[in-house]
Undergrad: 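Following this message is one structure expressed as C-alpha cells.
When a ligand or atom number is given, it counts from 1 through the structure's own listing order. Quick caveat: nothing in here was measured; it's all calculated off a predicted structure. Each residue takes its place number in the sequence, starting with 1.
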Amino acid sequence: MVLKAIIFDVDGTLAETEETHREAFNATFKEFGLPWVWSQALYAELLKTTGGKERMTTYLRDHLNQPADQEKIAEIHMRKTAVYGELIANGAAALRPGIADLLRDAARKGIRLAVATTTNRPNVDRLTEACFGKAAGDVFEVIAAGDEVNKKKPASDVFDLAVSGLGLDPSECVGLEDSRNGLQSCTDAGVRCVVSPGVYTLGSDFSEAAAVIDCFSEIDTVKKLTNLLGD
Ligand SMILES: [Mg+2]
C-alpha cells in the first residue's frame with residue numbers, strides 16, 4: 001500500500017511534553033490552594049488515564065477516595081491549560097529528534113500530515129506556535145483533538161476522526177505514537193503504528209506495533225519510514 005499520510009500523536013511524540021503537563025498541573029493545584037502534588041512516579045501511573053479532567057477524576061477517586069466535583073475539575077483544568085500554554089510559549093518543550101526533518105521531508109514529498117491527540121486544541125496550538133512559529137492548522141492538514149471526540153485513547157475515536165478527515169483508507173496512513181494507549185487507539189482504527197517510547201512509556205507492551213524504534217531520527221525521511229514499514 002502506498003503511504004499517503006502520517007498521523008502524529010502530540011504529547012510524548014511530537015515533543016516530550018508530559019513533564020511540562022505535570023509541572024502545569026502542580027502549579028495550578030498550588031494556585032487553587034490544593035495540597036495535591038503529583039510526583040513523577042505518581043504521574044507515570046496517572047498517565048494511564050488519558051485526558052486531563054479524567055486524570056484528575058481518577059486521582060481523586062483512586063488516591064484520595066474523594067468524589068470529583070466535575071464543575072471544579074473543569075475550572076482547575078481550564079486554568080491548567082493556560083499555565084501549560086505559558087510554559088510551552090516560554091520554551092519548556094522541544095520537538096523530539098527526527099520529527100522536524102520528517103515533517104519537512106513529508107511535506108516536500110506530498111505526504112499529508114495529520115494529528116490524532118487526546119490533548120485539547122489550545123495545547124496543540126501553543127506547542128506548534130513555540131516549535132514551528134505557526135498555528136497547528138498551518139502545519140497539519142487535519143487535527144483530531146481530544147475535545148472533539150466522545151472517547152479518548154485507547155478508544156480509536158481520534159484516529160478514526162483523523163482518517164475520515166483525510167478522506168483516506170486507514171491502510172494508506174501510518175500513525176506515530178509513544179504510548180500503549182496511543183498504539184491501541186491507532187491500531188484499532190486500522191492504522192499501522194510506529195512507536196518510539198518516551199520517558200514515561202518505556203517498558204510498556206508494544207506488541208501490536210508495526211515497528212518499535214528508539215528514536216524518531218531513525219525515520220527522519222519518508223523513505224526510511226516506508227522502508228521500515230516494508231511498503
Ligand atoms: Mg503520547
Undergrad: Run the salt-bridge test on E75 and K80 with the 4.0 Å N-O cut-off and return the result as yes or no.
TA: no
Undergrad: Do NZ/NE/NH1/NH2 and the carboxylate oxygens of K134 and E129 come within less than 4.0 Å?
TA: no
Undergrad: May I ask you to say whether K153 pairs ionically with E177, meaning some side-chain N is under 4.0 Å from a carboxylate O?
TA: yes
Undergrad: Below 6.0 angstrom between ring centroids: does that apply to Y59 and W38?
TA: yes
Undergrad: Among T226, T221, N227, D220, which residue satisfies the side-chain hydrogen bond (donor to acceptor under 3.5 Å, both in side chains) criterion with K224?
TA: D220
Undergrad: Near the Mg ion (ligand 1), which protein N/O/S atoms fall under 2.8 Å?
TA: D9 OD2, D11 O, D178 OD1
Undergrad: Checking D188 now: which residues fulfil side-chain hydrogen bond (donor to acceptor under 3.5 Å, both in side chains) with it, not counting sequence neighbours?
TA: none
